[in-house]
Amino acid sequence: MPDSYTARDFPELRGKLIENKELAPFTWLRVGGPADLLFLPEDEADLAMLLAQKPKELPVFVLGAGSNILVRDGGMSGIVVRLTAAFAKMSIEADNLIRVGAATPDRVLAKFAAKSGIDGFAFFSGIPGTIGGALRMNAGCYGSETADRLIEATVLDEVGRRRIISVDELSYSYRNCNAPKSWIFIEALFQGQAGSLEQIQQQMLKIEEQRQQTQPIREKTGGSTFKNPKGHKSWQLIDEAGGRGLTVGDAKMSSQHCNFMINQGNASAADLEELGESIRKSVAKNSGIELEWEIKRIGRK
Ligand SMILES: Cc1cc2nc3c(=O)[nH]c(=O)nc-3n(C[C@H](O)[C@H](O)[C@H](O)COP(=O)(O)OP(=O)(O)OC[C@H]3O[C@@H](n4cnc5c(N)ncnc54)[C@H](O)[C@@H]3O)c2cc1C
């Protein structure tokens with residue numbers, strides 16, 4: 001195998017394998033350079049084939065809806081995988097169990113559950129990611145998180161083996177999952193409970209109103225920039241350190257919710273990262289607390 005790989009090195013794949021593909025349009029922050037290779041697998045067998053055939057040293061990264069990602073300006077080495085419609089199926093099983101593909105947007109699951117009279121998924125209506133991203137980040141809001149509802153997840157491991165993993169084995173904690181980084185989530189089995197459509201819709205409406213009032217949801221943003229340190233709110237620490245509205249070039253800490261970073265138009269990934277790092281320094285100086293990035297920063301500088 002050569003040092004750098006092209007689509008010709010993987011002739012048996014049936015999905016699209018695109019060279020030098022810009023990633024910015026696939027992310028909410030709309031920044032970053034190209035992926036050496038972007039793979040859109042035709043189906044599970046196709047993705048398993050890539051993982052089984054690829055040389056060990058060739059990195060693979062899975063992109064969901066790109067709502068918690070900062071791709072650096074130099075782009076990504078190796079293969080970036082974006083799951084396709086084949087991974088976005090949903091079905092109801094007995095006892096309010098929902099099986100859902102990892103490419104399904106969280107909001108679509110929330111609406112599907114509501115329409116089916118299954119409660120417990122309204123919180124997903126406010127999170128703009130996919131189920132794969134939710135499984136990796138343990139996404140949550142308003143007191144609920146992904147792990148609360150999860151029974152088991154189906155993954156493809158680093159060599160493309162299909163494995164079913166129980167929620168306990170995934171060792172979830174706040175915005176974190178301890179599954180090996182190489183695993184790709186392809187499906188989840190969630191447990192809900194019987195509920196009324198009207199009540200669930202009301203919950204979803206309330207969540208939407210709250211979001212509109214408190215978060216810059218129409219901007220180019222990556223959601224919460226930093227995790228909340230135990231016993232603290234990141235936005236409060238940032239505010240107290242004078243970070244609200246701070247800018248580097250076109251990168252800005254939102255005036256509406258100062259733990260949200262915004263690309264006001266022409267920010268580079270470097271601007272956004274520099275802004276985040278300067279916020280971390282100010283907060284550490286002001287409060288002695290080290291903020292930890294929640295946004296995943298990936299790729300070459
Ligand atoms: C306006 C806004 C509001 C937000 N509000 C919230 C909120 O209330 N609560 C919250 O928790 N988050 C929130 N977020 C952050 C974000 O939506 C979540 O973290 C979401 O779960 C990320 O999902 P994604 O599909 O966009 O993943 P990406 O951002 O694309 O990726 C995030 C991580 O998940 C991994 N990943 C994605 N898919 C898979 C897969 N199939 N298998 C393995 N790993 C995978 C990626 O490799 C990466 O490490 C918000 C973001 C925005 C922009």
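Order of appearance sets the numbers: ligands from 1, and atoms from 1 within every ligand.
- In this structure, the side chain of Asp36 engages the main chain of Gly78 through a donor-acceptor pair within 3.5 Å.
- Taking every heavy atom of Ala134 and a limit of under 4.0 angstrom, the matching atoms of ligand 1 come to 21 (O).
- Under a 4.0 Å heavy-atom criterion, Phe87 is not in contact with ligand 1.
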Exercise. Report the C-alpha separation of Glu292 and Lys227 in whole Å, then their side-chain angles, then the decisive distance to 0.1 Å, and conclude whether the salt bridge (charged side-chain N to carboxylate O under 4.0 Å, His left out) test is met.
Key: CA-CA 6 Å; Glu292 187 190 339; Lys227 296 183 184 185; 3.4 Å; yes
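- For Glu240, the CD atom sits in a packed shell: over 12 heavy atoms of surrounding residues, nucleotides or ligands are nearer than 6.0 Å.
- Atoms of ligand 1 lying under 4.0 Å from any heavy atom of Gly129, numbered from 1 in the order shown and given with element: 17 (O), 23 (O), 24 (P), 25 (O), 26 (O).
- Inclusion of Thr130 in the set of residues having an N or O under 3.5 Å from an N or O of ligand 1 is warranted.
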Quiz prompt | From CA spacing to verdict: salt bridge (charged side-chain N to carboxylate O under 4.0 Å, His left out), Glu277, Arg297 | solution = CA-CA 12 Å; Glu277 283 302 313; Arg297 293 159 299 147; 3.6 Å; yes
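- Annotation for ligand 1: atoms under 4.0 Å from non-hydrogen atoms of Met137 are 19 (O), 33 (C).
- Nearest non-hydrogen protein atom to atom 12 (N) of ligand 1 is Ile127 CG2, 4.1 Å.
- Residue nearest to atom 27 (O) of ligand 1, selected from Gly133, Gly222, Cys141: Gly133 (by heavy-atom distance).
- In terms of protein heavy-atom proximity, atom 19 (O) of ligand 1 is nearest to Asn68 OD1, 3.1 Å.
- By the 4.5 Å heavy-atom criterion applied to side chains, Glu219 and Met261 are not counted as neighbours.
- Residue Gln215 has at least one heavy-atom neighbour below 4.0 Å for each of these atoms of ligand 1: 3 (C).
- Of the candidates Arg211, Glu145, Arg82, it is Arg211 that places a heavy atom closest to atom 5 (N) of ligand 1.
- Note: Arg136 CZ to Thr146 OG1 = 12.5 Å, rounded to the nearest 0.5 Å.
- Contact between Lys181 and ligand 1 is absent, with no heavy atom of the residue lying under 4.0 Å from the ligand.
- Atoms of ligand 1 lying under 4.0 Å from any heavy atom of Ala139, numbered from 1 in the order shown and given with element: 11 (O), 21 (O).
- With hydrogens left out, the protein atom closest to atom 47 (O) of ligand 1 is Val62 O, 2.6 Å, a heavy atom.
- The shortest non-hydrogen separation linking Asn266 to Asp250 is N-OD2, 2.7 Å.
- In the model, Glu145 has a side-chain atom that pairs as donor or acceptor with a side-chain atom of Asn138 under 3.5 Å.
- Nearest-heavy-atom check against atom 10 (C) of ligand 1 across Ala65, Gly126, Gly140 picks out Gly140.
- One finds the CG atom of Asp271 at 8.5 Å from the CG atom of Asn263 (value rounded to the nearest 0.5 Å).
- Atom 2 (C) of ligand 1 has its closest protein heavy atom at Pro128 CG, 3.6 Å.
- Note on ring orientation: taking the six-membered ring where Trp is involved, the planes of Trp235 and His257 are perpendicular (angle over 60°, cut-offs 30° and 60°).
- Near Ile184, meaning under 4.0 Å from one of its heavy atoms, ligand 1 places the atoms 42 (N).
- For atom 41 (N) of ligand 1, the nearest protein heavy atom (residue, atom name, distance) is Phe185 O, 3.0 Å.
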Practice problem: Apply salt bridge (charged side-chain N to carboxylate O under 4.0 Å, His left out) to the pair Asp43 and Arg14, showing each step before the final yes or no. | Solution: CA-CA 9 Å; Asp43 52 29; Arg14 289 170 290 119; 2.8 Å; yes
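- Under a hydrophobic clustering in which Ile, Leu, Val, Met, Phe, Trp and Tyr are joined whenever their side-chain heavy atoms come within less than 4.5 Å, directly or via other members, Leu40 and Leu23 fall into the same cluster.
- Backbone and side-chain nitrogen or oxygen atoms of Gly66 are examined, and one is located within less than 3.5 angstrom of a nitrogen or oxygen of ligand 1.
- Contacts of Leu83 with ligand 1, taken as heavy-atom pairs under 4.0 Å, involve the side chain alone.
- Using a non-hydrogen distance threshold of 4.0 Å, Arg175 registers as a contact of ligand 1.
- Trp183 CH2 to Ile165 CD1: the interatomic distance, rounded to the nearest 0.5 Å, is 3.5 Å.
- Polar contact check, Thr221 against ligand 1: no nitrogen or oxygen pair lies under 3.5 Å apart.
- In terms of protein heavy-atom proximity, atom 35 (C) of ligand 1 is nearest to Arg136 CG, 3.5 Å.
- Interface atoms of ligand 1 facing Gly223, defined by a heavy-atom separation under 4.0 Å, are 2 (C), 50 (C), 51 (C), 52 (C), 53 (C).
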Quiz item: Can Ile186 and Leu47 be said to form a side chain to side chain contact (heavy atoms under 4.5 Å, CB included), step by step?
Solution: CA-CA 10 Å; Ile186 56 168; Leu47 179 56; 4.3 Å; yes
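- Counting protein heavy atoms only, atom 45 (C) of ligand 1 is closest to Gly132 O, 3.8 Å.
- Asp106 is listed as a side-chain neighbour of Ile131, based on a closest heavy-atom distance under 4.5 Å.
- Test Lys89, Arg163, Arg99 against Glu187 for salt bridge (charged side-chain N to carboxylate O under 4.0 Å, His left out) and you get one pass: Arg99.
- Taking atom 22 (C) of ligand 1 as the reference point, the nearest protein heavy-atom neighbour is Ser67 OG, 3.4 Å.
- Close approach of ligand 1 to Phe61 (heavy-atom distance below 4.0 Å) involves ligand atoms 46 (C), 47 (O), 48 (C).
- Contacts of Trp183 with ligand 1, taken as heavy-atom pairs under 4.0 Å, involve the backbone alone.
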